[in-house]
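Some notes on the structure that comes next.
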Amino acid sequence: QVQLVESGGGLVQAGGSLRLSCVASGFVFSSYAMGWFRRAPGKEREFVAAISFRSRGGSTVYADSVRGRFTISRDNAKNSVYLQMNSLKVEDTAVYYCAADLLGPYRDYEEGDEYDYWGQGTQVTVSS
């Protein structure tokens, strides 16, 4: 059974930090690019960041809105991907999802339809 389980969300003040984790099982984790997406209330799902399936020296991509503040990383030995979020803003409030993309990323890495597996999400709330 494929599972992606996010954790690490919570309530923080603007300017604070959180680190999200996503632990995968049921598939060959190292063969998949991993992405983070988010969905804020009343808004469509938005791409946040992605890291290639290569475990070391792999490329990363970020949405303009988080570049310089968020860092995506992975540890294939732990079947885990992380999102370190610094300098959080109120507009970062959303449910954050991790997703897996076989041998990705591809051209449409910002589109959720490219991804094969999804977690259930973890809530991040940033207060002013």
Side-chain angles (χ1 to χ4, degrees):
Q1 182 180 45
V2 170
Q3 287 189 313
L4 294 172
V5 181
E6 300 96 335
S7 63
L11 175 64
V12 298
Q13 294 186 36
S17 298
L18 284 173
R19 191 172 90 137
L20 306 183
S21 298
C22 174
V23 180
S25 60
F27 62 97
V28 181
F29 180 77
S30 60
S31 295
Y32 286 74
M34 298 298 298
W36 286 97
F37 290 76
R38 65 188 183 186
R39 188 188 297 274
K43 296 184 178 180
E44 295 183 355
R45 181 176 56 197
E46 299 176 325
F47 170 78
V48 176
I51 186 167
S52 76
F53 72 93
R54 299 172 180 85
S55 61
R56 198 160 297 170
S59 62
T60 58
V61 289
Y62 296 91
D64 290 343
S65 59
V66 307
R67 188 175 297 109
R69 298 189 297 122
F70 291 10
T71 303
I72 187 171
S73 61
R74 68 188 297 160
D75 185 343
N76 287 347
K78 297 180 179 179
N79 281 7
S80 296
V81 62
Y82 309 97
L83 186 69
Q84 178 67 46
M85 306 186 296
N86 298 327
S87 301
L88 283 162
K89 304 175 180 180
V90 171
E91 50 263 46
D92 294 319
T93 295
V95 177
Y96 284 71
Y97 302 88
C98 66
D101 185 13
L102 180 61
L103 303 180
Y106 298 97
R107 177 189 294 177
D108 296 328
Y109 63 85
E110 294 185 0
E111 300 297 326
D113 288 348
E114 179 174 305
Y115 293 76
D116 302 292
Y117 307 123
W118 289 84
Q120 295 299 304
T122 186
Q123 176 71 49
V124 172
T125 303
V126 184
S127 63
S128 61

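More than 12 heavy-atom neighbours from other residues, nucleotides or ligands sit within 6.0 angstrom of CD on E91. The local environment of CD in Q84 is crowded, with over 12 non-hydrogen atoms from other residues, nucleotides or ligands closer than 6.0 Å.
Looking at L18 and L88, their side chains come closer than 4.5 Å, going by heavy atoms from C-beta outward. In this structure the side chain of L20 never reaches within 4.5 angstrom of the side chain of E6, judged on heavy atoms. No side-chain heavy atom of K78 sits less than 4.5 Å from a side-chain heavy atom of S21. For the pair L4/Y97, no side-chain contact is recorded, criterion being any heavy-atom separation below 4.5 Å from C-beta on. T122 places none of its side-chain heavy atoms less than 4.5 Å from the side chain of S7.
Take D101 and apply the salt bridge (charged side-chain N to carboxylate O under 4.0 Å, His left out) test, not counting sequence neighbours, and it matches no residue.
When the side chains of ILVMFWY residues are joined at heavy-atom separations under 4.5 Å, either directly or via intervening members, Y82 and F53 end up in two distinct hydrophobic clusters. Tracing side-chain contacts under 4.5 Å through hydrophobic residues (I, L, V, M, F, W, Y), one never reaches V23 starting from F37; they form parts of separate clusters. Under the 4.5 Å side-chain heavy-atom criterion for grouping Ile, Leu, Val, Met, Phe, Trp and Tyr, V124 is connected to V81 within one hydrophobic cluster.
Separating the CZ atom in R74 from the OG atom in S52 is a distance of 7.0 Å, to the nearest 0.5 Å.
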Taking distance alone, no hydrogens or angles, what donor-acceptor pairs closer than 3.5 Å link side-chain atoms of residues 40-50 to residues at least two apart or in another chain?
none

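Residue F27 comes nearest to Q3 through the heavy atom pair CE2-O, 4.3 Å, listed as atom of the first residue, atom of the second, then distance. Looking at every heavy atom in both residues, N86 comes nearest to S17 through OD1-OG, 2.9 Å.
In this pair, Y32 and Y117 present their aromatic rings tilted. The plane angle is within the 30 to 60° band. F70 and Y96 have tilted rings, their planes meeting at an angle from 30° to 60° on a 0 to 90° scale.
Ion pairing of K89 with D92 is absent here, as no side-chain N (NZ or NE/NH1/NH2) approaches a carboxylate O to less than 4.0 Å.
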